[in-house]
Structure formats: structure tokens, C-alpha cells
Amino acid sequence: MIQSNNVELEAAAFRKLLVHLQQHPEVQNIELMVLADFCRNCLAKWYAAAAAERKIDINYEQAREIVYGMPYSEWKDKHQREATPEQLAAYDAKQKLKAQS
């Protein structure tokens with residue numbers, strides 16, 4: 001595949017992922033971390049790091065706004081719930097498994 005096509009397809013898939021996550025705020029970040037080992041904040045960190053590598057002036061908070069579709073503080077107020085003991089236990093178990101690898 002031609003590299004420019006590959007980049008275009010990857011960008012389209014990433015945009016679709018962002019829209020999907022923005023349309024499903026009921027999916028909590030801790031659930032994403034347990035199941036997929038990444039969350040919206042991870043995406044924002046990767047986005048900001050990619051910008052920095054390319055000397056593009058986008059900081060973490062700006063990247064978060066791109067990923068969340070709104071300022072993080074607003075998303076947090078509207079959608080973030082307190083993690084349940086079960087979610088925290090699952091997250092801790094996942095972290096322990098990763099540490100053993």
C-alpha cells in the first residue's frame with residue numbers, strides 16, 4: 001500500500017475512534033484501562049507526544065480536549081463516575097499481571 005494512503009486510512013480510523021468514544025461517555029476510562037490497557041487520557045498523551053515529536057504546539061490539555069470533544073473538566077463533571085470497588089480491584093489485578101510479565 002502507498003504510504004500516503006496508509007496515513008490517510010489510519011487518520012480516518014483514529015477520527016472514527018474519537019467520535020465513537022465521544023458518543024459513548026458511559027464507558028468509563030477505568031473500564032477501558034481494564035479491558036484494553038488504554039483510555040482516553042492515554043490517547044491524549046499519545047496525541048500530545050506525536051505533536052511534540054513533530055514540533056507542533058499542542059499540549060496535553062489541548063490534546064485532551066480533542067480526544068474528549070470538550071474540555072476535560074467539563075467531560076469529568078458530566079460523565080465521570082466514581083470507580084467502584086470492583087473496577088478498582090480489576091484495575092489492580094490487571095496492573096499486577098502486567099508487572100509479572
Side-chain angles (χ1 to χ4, degrees):
M1 183 183 306
I2 299 172
Q3 179 63 23
S4 63
N5 289 342
N6 193 36
V7 170
E8 188 176 322
L9 295 172
E10 289 169 350
F14 180 75
R15 286 189 298 271
K16 188 77 167 176
L17 173 62
L18 292 183
V19 168
H20 184 79
L21 288 171
Q22 290 167 6
Q23 290 175 342
H24 293 280
E26 74 278 6
V27 178
Q28 297 294 296
N29 283 331
I30 193 162
E31 295 167 332
L32 290 170
M33 288 298 296
V34 170
L35 294 173
D37 205 25
F38 80 96
C39 69
R40 292 170 182 89
N41 291 322
C42 297
L43 287 173
K45 287 175 187 175
W46 299 338
Y47 194 99
E53 288 170 6
R54 290 157 181 80
K55 303 201 182 336
I56 298 170
D57 190 25
I58 295 176
N59 65 34
Y60 176 54
E61 287 306 317
Q62 291 167 319
R64 269 180 154 180
E65 189 164 341
I66 291 165
V67 169
Y68 284 91
M70 65 183 69
Y72 174 68
S73 59
E74 183 180 332
W75 188 92
K76 188 176 173 182
D77 290 342
K78 286 182 176 182
H79 304 293
Q80 187 166 311
R81 296 185 304 264
E82 192 71 33
T84 66
E86 294 81 10
Q87 289 171 322
L88 292 171
Y91 177 78
D92 288 342
K94 175 88 173 214
Q95 296 306 305
K96 287 177 185 172
L97 280 175
K98 283 174 47 178
Q100 294 172 356
S101 299

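Side-chain atoms are counted along with the backbone in the values below, which use heavy atoms only and exclude waters and symmetry mates.
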Member of Arg64, Glu65, Gln62 meeting the side-chain contact (heavy atoms from CB on, under 4.5 Å) criterion with Pro71: Glu65
[atom1]/[X]: more than 12 non-hydrogen atoms of other groups inside 6.0 Å:
| X | atom1 | result |
| --- | --- | --- |
| Lys94 | NZ | yes |
| Glu74 | CD | yes |
| Glu26 | CD | yes |

Grouping I, L, V, M, F, W and Y whenever their side-chain heavy atoms are under 4.5 Å apart, do [X] and [Y] come out in a common cluster?
| X | Y | result |
| --- | --- | --- |
| Leu97 | Phe38 | no |
| Phe14 | Leu9 | no |
| Ile56 | Tyr60 | no |

Could you measure the distance from the [atom1] atom of [X] to the [atom2] atom of [Y]? Nearest 0.5 Å is fine.
| X | Y | atom1 | atom2 | value |
| --- | --- | --- | --- | --- |
| Trp75 | Asn29 | CH2 | CG | 5.0 Å |
| Met70 | Asp77 | CE | CG | 10.5 Å |
| Ile66 | Gln22 | CD1 | CD | 10.0 Å |
| Leu35 | Met33 | CG | CE | 11.0 Å |
| Asn5 | Glu10 | CG | CD | 11.0 Å |

Holding to ring pair (Phe, Tyr, Trp, His ring centres under 6.0 Å), I want the full list of residues that pass it with Tyr72, two or more places apart in sequence or in another chain. Tyr68
Could you name each residue pair satisfying ring pair (Phe, Tyr, Trp, His ring centres under 6.0 Å) that touches residues 81-101, not counting sequence neighbours? none
Given 3.5 Å as the limit, does a donor-acceptor pair link the side chain of Gln28 with the main chain of Pro25, or not? yes
I'd like to know if the side chain of Gln87 and the backbone of Thr84 have a donor-acceptor N/O pair within less than 3.5 Å. yes
Kindly indicate whether the side chain of Leu88, heavy atoms from C-beta on, has any atom under 4.5 Å from the side chain of Ile30. yes
Would a 4.5 Å heavy-atom cut-off, applied to side chains only, mark Val27 and Arg40 as touching? yes
Nearest heavy-atom approach of Ala44 to Ala63 is O-CB, 3.3 Å
